[in-house]
Asker: 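Take a look at the following structure, please.
Within every chain, numbering begins at 1; the chains are lettered A, B, ... in the order of the sequence lines, protein sequences first and strands thereafter. Values reported hereafter were calculated over all heavy atoms of this structure, with side chains retained and with hydrogens, waters and symmetry mates removed.
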Amino acid sequence: MIVADDVHVHFRRGLLRKQVRALNGLSLEVREGDFFALVGQNGAGKSTAMYCFLGLLKPNSGKVQVLGRTPDLGSPLYEGVAYLPEEPHYHLYLTVEEATRYYASLYGKRIPTKTINETLQRLGLAQFKTLPLAKCSKGMKQKVGIAQCLIHETRLLFLDEPTRGLDPLAVREFRETLRDIHQRGATIVMNSHVLSEIEMLANRVAIIDRGKVVVQDELRNLLTLDRELYSVTFEANGVVPDYLTSVERLGGLVKASIPKERLYDFMDFTRISGLHVHECSLKKVSLEDSFFKIIKGGGAPV
Amino acid sequence: MAELLRANILANFAYYRRSSLLLAFMLVFLLLTGLSSLPPLFMHSGVQSFDTLRQIFSVLNGFLLFFAGGLGLFIISSHLRSRSLKMVFTKPCSPALWLVSAFLSAVAVSLLLNSIVLAGAAALSLGWHLPVRAGLFFVSVDTFVASVGIIAYLMLLTMLVHPAIAVTFALIFNAGLFLEFQQWAQVVIRSGNSSLALRALERLFHYIYLLIPMVYAFGKKTEPIYSSLRVVHSDWKYLLYSFGYVVVLAAFCYSLALFALQRKRHI
């Protein structure tokens with residue numbers, strides 16, 4: 001669905017026109033039906049990569065193909081594509097209803113008022129339809145962006161930091177809507193800093209570092225079990241054995257990690273002290289663990 | 001394509017309706033015009049009424065020209081600076097179509113304002129028992145045609161440079177300035193200094209004068225109409241000529257602006 005092959009993008013910035021490499025040989029592939037996440041530090045090149053996929057930025061070299069074509073501004077290939085930019089890039093002078101109608105009409109078909117109203121109702125925006133976007137919260141603006149996907153059943157959706165600045169309730173609602181859109185068959189490409197969010201939504205991940213994809217894999221391959229460590233949660237009695245690591249105190253409980261060879265020592269300790277063990281399992285490697293390991297140069301963790 | 005054009009034009013109309021900058025500009029100008037027109041309104045002779053009408057009409061038409069520049073400038077600069085075009089060009093709506101819609105929206109608003117000013121002038125004529133002269137219509141159409149040229153020119157300049165630079169360039173480096181430079185060079189040459197450099201400079205001013213768009217391409221021919229509001233049969237052809245000039249100018253500015261928009265590396 002999307003293929004990027006050895007894409008280079010560089011800018012010149014500042015008085016001395018110093019060259020900044022935004023993408024440095026980025027290559028990746030997004031398959032149909034993927035919920036694909038671009039992950040990376042600030043300035044890694046996630047947004048730049050997305051702009052290249054959308055034709056908003058022309059690479060200096062390399063090849064980008066979206067739905068089998070080279071993306072270009074306003075190209076017919078966007079008939080099945082929707083894009084949700086970061087907050088400020090909407091037409092803030094339009095009202096919720098006008099913006100929904102406008103963005104939906106840009107696909108070339110007149111949208112009946114009934115469809116617009118039904119979509120606004122479904123997204124919980126009906127009572128705000130006369131409110132200008134400039135006065136809307138970020139969550140409401142994102143819903144306006146999402147409305148176009150619901151009206152047109154888009155095949156490919158690009159999301160640029162979609163949950164940044166949203167409150168937890170709005171994040172949860174937004175997540176459900178994205179799951180719904182994905183289940184209907186849309187391919188979603190998202191870039192985000194919120195790794196826990198990606199863990200919940202994506203099925204494939206590309207980790208970008210300094211303009212290059214360092215790992216591209218199924219999320220499940222990055223979220224493996226660490227067979228060297230156990231994660232335990234037990235009642236606290238003031239004493240914590242020194243072989244426990246990553247100790248966290250949660251009220252009357254202690255959460256910690258134990259090396260596999262000390263598990264039996266820990267069991268003896270809890271039996272002798274008469275402490276209840278609430279949880280004991282092989283430690284899961286989170287996307288965050290994998291991310292830091294990869295970024296620090298350790299390579300892929302699996 | 002018709003639906004895309006319609007959707008963009010409606011969105012642009014909403015922009016014009018809600019642009020507080022344009023609204024403030026309009027209100028300040030109308031207030032100043034109103035204040036300067038107050039004293040003559042209390043004079044009652046037919047000649048004074050005609051002069052008042054002509055003055056108000058002339059001031060309002062001048063305002064319409066400035067306002068047309070604002071219409072062209074703001075529609076481009078606000079969309080470029082807010083980066084909202086990302087939402088447009090990531091849909092099957094080409095830059096060519098969006099630019100046409102922006103141009104047509106500005107032209108439509110300008111036409112509406114010109115019509116209001118013309119209707120106001122006709123109403124004042126009737127109210128003051130003056131004949132509704134054909135010159136009112138001529139001047140209105142001529143101003144509208146000039147407005148179309150200004151819209152296209154300002155849209156092009158705003159696409160190329162920062163809006164503040166675009167305004168400065170349009171106000172200072174206009175055709176009149178280079179005509180004056182050329183005339184100055186001609187006077188110096190005639191007075192005996194015919195150096196090669198001066199002659200080259202005179203030619204340079206001449207070509208720049210030809211290159212820079214003119215507000216009224218046939219201003220010298222139509223000047224009497226603006227002062228008397230009388231039109232003779234042979235004058236109407238100048239409207240047609242002006243229209244032809246503006247069509248060519250607008251097409252040129254549009255093509256260049258589109259080229260610049262498409263060449264922008266980052267929307």
Asker: I'd like to know whether CZ of B:F137 has more than 12 heavy-atom contacts from other residues, nucleotides or ligands below 6.0 angstrom.
Answerer: no
Asker: With rounding to the nearest 0.5 angstrom, report the NZ to OG distance, B:K91 to A:S105.
Answerer: 11.0 Å
Asker: Heavy-atom pairs under 4.5 Å with chain B - which of A:A82, A:G108, A:P76 has more of them than the others?
Answerer: A:G108
Asker: How long is the span from the CG atom in A:L106 to the CG atom in B:N8, to the nearest 0.5 Å?
Answerer: 5.5 Å
Asker: Between B:H79 and A:H91, how do the two ring planes meet: parallel, tilted or perpendicular, split at 30° and 60°?
Answerer: tilted
Asker: Mind running side chain to side chain contact (heavy atoms under 4.5 Å, CB included) on B:T90 and A:V81 for me, showing each step along the way?
Answerer: CA-CA 8 Å; B:T90 51; A:V81 176; 5.8 Å; no
Asker: Could you please spell out the steps behind the side chain to side chain contact (heavy atoms under 4.5 Å, CB included) verdict for B:V88 and A:Y102?
Answerer: CA-CA 9 Å; B:V88 180; A:Y102 176 48; 3.5 Å; yes
Asker: OH of B:Y15 to CG of A:L94: how many Å apart, nearest 0.5 Å?
Answerer: 12.0 Å
Asker: I'd like to know whether B:M87 forms a side chain to side chain contact (heavy atoms under 4.5 Å, CB included) with A:Q148, so could you lay out the CA-CA distance, the side-chain angles of the two residues, the decisive distance to 0.1 Å, and finally the verdict.
Answerer: CA-CA 11 Å; B:M87 288 299 284; A:Q148 58 190 299; 3.6 Å; yes
Asker: Looking at B:S78, B:S19, B:S94, which one has more heavy-atom pairs under 4.5 Å with chain A than the rest?
Answerer: B:S94
Asker: Chain B: which of A:F158, A:F11, A:Y103 shares the most heavy-atom pairs with it under 4.5 Å?
Answerer: A:Y103
Asker: Working to the nearest 0.5 Å, report the span between OH of B:Y16 and OH of A:Y93.
Answerer: 9.5 Å
Asker: Step by step, would you call B:R18 with A:L92 a side chain to side chain contact (heavy atoms under 4.5 Å, CB included)?
Answerer: CA-CA 10 Å; B:R18 291 173 194 145; A:L92 299 178; over 6 Å; no
Asker: Determine whether the side chains of A:Y51 and B:K86 contain a donor N or O and an acceptor N or O closer than 3.5 Å.
Answerer: yes
Asker: Is it true that B:E3 and A:R101 make a salt bridge, defined as a side-chain N closer than 4.0 Å to a carboxylate O?
Answerer: no
